[in-house]
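Notes follow the structure.
A note on names: the letters A, B, ... follow the listed sequences, proteins ahead of strands, and every chain is numbered from 1.
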Amino acid sequence: MDDRLISIQKEDFSIEDAVTLVKKASNGTGAVVAFLGAARDFSKGERIAGLEFEHYPGMAEVMLKDIRDRALRNFNIIEMAILHRVGAIRTGENIVLIAASAAHRNDAFMACEWAITELKRTTPIWKRETTDKGEVWVSETP
Amino acid sequence: MDDRLISIQKEDFSIEDAVTLVKKASNGTGAVVAFLGAARDFSKGERIAGLEFEHYPGMAEVMLKDIRDRALRNFNIIEMAILHRVGAIRTGENIVLIAASAAHRNDAFMACEWAITELKRTTPIWKRETTDKGEVWVSETP
Amino acid sequence: MITVRFFAMLKGLAKADTHHYELNSAITVDELKAMLKRDFPGLRDVLDSRSILISINQEFASKDAIVKDNDEVGLLPPFSGG
Amino acid sequence: MITVRFFAMLKGLAKADTHHYELNSAITVDELKAMLKRDFPGLRDVLDSRSILISINQEFASKDAIVKDNDEVGLLPPFSGG
C-alpha cells in the first residue's frame with residue numbers, strides 16, 4: 001500500500017494530490033469521488049471560534065487502514081485514500097479527505113459515502129469546539 | 001455567479017481550485033463532494049487509444065448553468081461547479097469535474113450524484129472513441 | 001435564411017457541418033425533417049429513428065415547433081458527455 | 001505494570017493523561033474499571049454510563065476481556081472525527 005493513502009497529520013493536505021493518487025492507481029479508473037470535510041463557522045447555533053482534534057496515535061491509523069481494506073473488499077473500487085488532520089483547525093480549513101477511484105461512478109460514490117460514515121463510527125478521533133461558552137469536547141457523530 | 005463555476009474548456013482543470021471555490025462560497029461549508037470523470041483505457045472490452053469530445057457551443061454551457069441552478073434550488077447545497085473538457089483527451093486524463101458544497105455531507109453527495117446523471121442526460125456533448133476498429137461516436141449515456 | 005447544424009455522427013452522415021435553407025414562410029420541425037431527408041440521404045434512417053433531438057436557437061424543440069427565418073436549428077444525436 | 005490512557009474529555013475528568021497499575025495477576029476490563037472508579041472520582045459517572053469504549057493494545061475489547069502485565073488500555077469516549 002502506498003504510504004500516502006492513509007494519513008493522520010497536523011498540516012493541510014492537497015486535494016489534487018490525493019485525487020490524482022487514487023486515479024493513477026489504474027488506467028481503468030473512470031471515476032473518482034472525493035469527500036472533503038471542512039470546519040464550519042456555526043454548529044447547532046453556536047459560533048465556532050476554532051476546533052482542536054485529538055487522536056489515539058497508532059490505533060487511529062490502523063482503523064483508517066481497516067476502513068480502506070474493507071472498502072476495497074466490499075465495493076467495486078480501485079483505490080481509496082483517507083487523510084485526517086489533527087491539532088488546531090480554524091473555520092474554513094480542511095479536516096478530512098476521502099477519495100475513492102473506480103471504473104464506474106456509482107461504486108466510487110457508494111464507497112466514499114460509506115467510508116466517511118465508518119470513519120465517524122470507528123476511528124478514535126475526538127473534536128473539541130471553542131465557542132463563546134468555552135471549550136467543549138463533542139460527543140456525538142452526526 | 002462566479003464565471004469559474006461553469007466551464008467548457010480544452011485545457012485541463014485544477015481539482016484543488018474548483019473544490020476550494022465552492023468551499024469558500026460560505027463559511028458555513030462543512031462538506032464538499034467532488035466527482036471526477038477520467039478517460040479509461042478500456043470500454044466494453046475495447047482498448048481505447050483516445051477520446052475526442054465535441055459540444056454545441058453556447059447551448060452546452062447554458063445547460064450546465066441550468067443544472068447548477070436546479071441543483072441550488074432542489075438540494076440544500078451552498079454552491080456547485082461544473083467543468084467539462086472538450087477536444088482530444090488521452091487515457092488517464094480528466095474529462096469532467098462536478099463539485100458541490102453544503103453544510104452537511106448528505107446534501108453534497110446527493111446533489112453531486114444527481115448533477116452528473118443530469119449532465120449526461122441533458123447536455124449536448126458527444127464523445128468519440130478511437131479503438132483498434134477505428135473511430136466511433138458513442139451513442140449511449142451509461 | 002435558416003441554419004441547420006449537424007453534430008457528432010450526424011456530420012459524417014450528412015457530409016456537412018451546417019446547411020442553409022431559404023424559407024418563404026415558417027415551417028414545423030417535422031416539415032424541416034422531411035426536407036433534410038430529401039436532401040441528405042445519409043440522414044434518413046437516423047431521422048426516422050426518433051433518437052435525434054431538435055433544438056431551435058439552442059433550446060429543445062418539439063416536432064410541432066415552428067422554425068422561422070433566421071432561426072438556428074440543431075440536430076442533436078444522443079449525448080455522451082461526462 | 002499496565003498503562004491506562006485517557007483521551008479527550010476523559011483527560012479533564014481524570015486530571016491525567018495516563019495512569020499506571022502494578023498487577024499481581026491478570027484482571028478483567030470490568031475489574032480495571034472498578035479500580036479506576038475508586039481512584040478517579042471524576043470518571044465514576046462516565047464509566048457507569050457505558051458510553052466509553054475500551055481498547056487493549058489498541059484493539060477494541062469487551063468488558064470480560066483480560067488485561068495482563070505490559071498491556072496498554074485505552075479509555076475511549078464517543079468519537080467525533082470527520
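Heavy atoms from other residues, nucleotides or ligands lying under 6.0 Å from CZ of C:Arg44 number more than 12. Within 6.0 Å of CG on B:Asp2 lie more than 12 heavy atoms contributed by other residues, nucleotides or ligands. Crowding of C:Lys37 atom NZ: a count of heavy atoms from other residues, nucleotides or ligands under 6.0 Å exceeding 12. Around the CD atom of C:Glu59, the shell of radius 6.0 Å holds no more than 12 heavy atoms that belong to other residues, nucleotides or ligands. The number of heavy-atom neighbours closer than 6.0 Å to CZ of C:Arg50, taken from other residues, nucleotides and ligands shown, is 12 or below.
For a heavy-atom cut-off of 4.5 Å, chain C lies close to B:Pro57, B:Gly58, B:Met59, B:Met63 in residues 57-76 of chain B.
To the nearest 0.5 Å, the span separating CZ on C:Phe79 from NZ on B:Lys120 amounts to 13.5 Å. With rounding to the nearest 0.5 Å, the separation of CG in C:Leu13 from CH2 in B:Trp137 is 11.5 Å.
In this structure a side-chain-to-backbone donor-acceptor pair under 3.5 Å is present from B:Trp126 to C:Pro77.
The minimum heavy-atom distance between B:His55 and C:Phe7, with the atom names listed, is O-CE2, 4.0 Å. Of all heavy-atom pairs spanning B:Ile95 and C:Gly82, the tightest one is CG2-O, 4.0 Å.
Of the two parts of C:Ser55, only the side chain, counted from C-beta on, holds a non-hydrogen atom closer than 4.5 Å to a non-hydrogen atom of chain B. Contacts of B:Tyr56 with chain C are made by both backbone and side-chain atoms, with heavy-atom separations under 4.5 Å.
Considering only residues two or more places apart in sequence or on other chains, B:Ala49 meets the side-chain contact (heavy atoms from CB on, under 4.5 Å) condition with B:Thr130.
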